[in-house]
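Note sheet for the following structure.
Order of the sequence lines fixes the chain letters, A, B, ..., with proteins taken first and strands second; residue numbering starts at 1 for each chain. Model, not experiment: these values are computed from the prediction. Just so you know, these numbers use all the heavy atoms, side chains as well, and skip hydrogens, waters and symmetry mates.
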Amino acid sequence: MVIKMIRVENLWKSYGEKKVLQGIFFEAEKGKISCIIGPNGSGKTTLLKILNLLETPDKGEVYYNNICLTELNDNGKRFYIKKMAMVFQQPVLYNSNVFDNVAIGLRIRGLRKNEVTDQVNDILKTLGLYEYRDKHAYTLSGGEAQRVCLARALVLKPEILLLDEPTSNLDPSNTQIIENVIKEYCREEGPIVILTTHNMFEAKKLAEKVSLLYNGKIIEEGDVKNFFERPKSDITLKFVNGEIIF
Amino acid sequence: MEETFPTIIFNDEVIQITLLSFKISCTAVALATAISLPLGIALGLKDFRGKQFVLSLVNTLMGLPPVVVGLILYLLLSTSGPFGPLNLLYTPSAMILAQLIMAVPIVIGLSYSAVSTIPEKVIEQTHSLGATKYQLFLVVLKEARVGILASVVAAFGSAISEVGAIMIVGGNIRYFTRTLTTAILLYTSMGEFDIALTLGIILLITAFFINIFLTFLQSKQNPTFRRKFRRLKFGD
């Protein structure tokens, strides 16, 4: 049986003079939470945006089940974008109520009204947001807003879930809710989950595989136990010991 | 002149003038919106070479002098002009055309501004959900709805109060091309200030209701504004 996976090969990306990604090789498997850990500015967000086909790499390819996504035309890319969902670091909210904010992806996919209502109500209940469904999204707290963004992603039942530091700047209670829902979703649906963070505790708690991204390069990767307990690289060791301040 | 305000306002001619003014301005603004909204939104979303020049041009055209528009249109539509055979001069159609020309840059410019205020992240999120270009257009339309409505209302306000261009191409013909503004001009020059004032009051009331409508829309669609508006209303 072929294991579903997303893979990037020799990925390069620059913004002007700044080299953000420098020859990245990375893969993530279905049913596992893969964590990309690294300091701010190491290229985590850019990598996720390239995986989500929102950015085009200067060089290199993205493969999903051995299909090269970066070579597809706009319609082809859109087909695969619809198999993914991304949660951004800063909550992105539309100027409407919570229900509409969560429903937008389903509406873009052309689902019928009653299907949209049922699926959105279910996910709102899962994330403890049902009582806010008619509340305007701009009136939510930071934690509630990020839960809305996670609901918007999960309601699509994506094959690939991309999470860009979803719990940074959140209080422990909201962090706990989000982490539990991610774990539960991964257990039930078995998608490919790629999570970026600079929080070691979160990586230890959620991930099965960890990769350290530093200055646009993957320094080291491995299963969570080996990565944190037996790091091979000096940079990883410094990171694990908290000597690299993020 | 012994006529009182209610007598004048319910005068057949005044009613006809008011209705014609609204018909011309509504048609011109509806056409301008249909033409300009996609352009304003595209301008807000796309980056291209020469965008700054296009924006400068739009901003300049927003302040287009009505008499100049009227003059150029007159030359184009007059019998010896290239569009003379269409026989549009001194018709409501020519007046619609004049107002349309002036409304287009207003709707483009203000809807561009409205779209520019949408955070880049919202556009990125919409792409990330797999939206087509048309779906993105609808999302942008919804996100910038208050600003876009403001652009339409502003265009209407400008159109209904415009006098120079429509005077030149419409000719102020009684029961045919006479509007509120051209009638005010005429009655003022004739010394019939009571009718001129009545027509002026109708124009002012129109402007007042346009602003009430706009404020209502803003309060309805922006929760922060709505809270402030409520506090203002109840004085707490």
Contacting moiety of A/D100, where chain B heavy atoms sit under 4.5 Å
side chain
What's the spacing between A/M86 CE and B/H127 NE2 if we round to 0.5 Å?
13.5 Å
Most heavy-atom pairs under 4.5 Å with chain B, out of A/R78, A/K82, A/Q90, A/M84, belong to A/R78
Residues, nucleotides or ligands: over 12 heavy atoms within 6.0 Å of B/Y74 OH
no
Residue of the set A/L162, A/V87, A/L54, A/L48 for which side chain to side chain contact (heavy atoms under 4.5 Å, CB included) holds with B/S128
A/L54
Would you say NZ of A/K125 has more than 12 non-hydrogen atoms from neighbouring residues, nucleotides or ligands within 6.0 angstrom?
yes
Non-hydrogen atoms of chain A under 4.5 Å away: do they reach the side chain of B/Q135, the backbone, both or neither?
side chain
May I ask you to name which of A/N52, A/L53, A/N75 has the most heavy-atom pairs under 4.5 Å with chain B?
A/N52
Going through the distances and angles, do A/N95 and B/I118 end up as a side chain to side chain contact (heavy atoms under 4.5 Å, CB included)?
CA-CA 10 Å; A/N95 186 5; B/I118 299 174; over 6 Å; no
So which atom in A/S96 and which in B/K142 form the shortest heavy-atom distance, rounded to 0.1 Å?
CB-NZ, 4.3 Å
Spacing of B/L136 atom CG and A/I108 atom CD1 [to the nearest 0.5 Å]:
8.5 Å
Might you confirm whether atom OH of A/Y15 has over 12 heavy atoms from other residues, nucleotides or ligands at distances under 6.0 Å?
yes
For A/D74, is the CG atom crowded, meaning more than 12 foreign heavy atoms sit under 6.0 Å from it?
no
Does NZ in B/K121 sit with more than 12 non-hydrogen atoms of other residues, nucleotides or ligands closer than 6.0 Å?
yes
Side chain / backbone / both / neither for A/L93 at chain B, heavy atoms under 4.5 Å:
backbone
Residue A/Y94 versus chain B: region with a heavy atom under 4.5 Å:
both
Within a 6.0 Å radius of atom CZ on B/F137, are there more than 12 heavy atoms belonging to other residues, nucleotides or ligands?
yes
For a 4.5 angstrom cut-off between non-hydrogen side-chain atoms, does B/L129 reach A/R152?
yes
Are more than 12 heavy atoms from other residues, nucleotides or ligands located less than 6.0 Å from atom NZ of A/K209?
yes
Using non-hydrogen atoms only, which part of A/K83 is less than 4.5 Å away from chain B: side chain, backbone, both, or neither?
neither
For B/F209, is the CZ atom crowded, meaning more than 12 foreign heavy atoms sit under 6.0 Å from it?
no
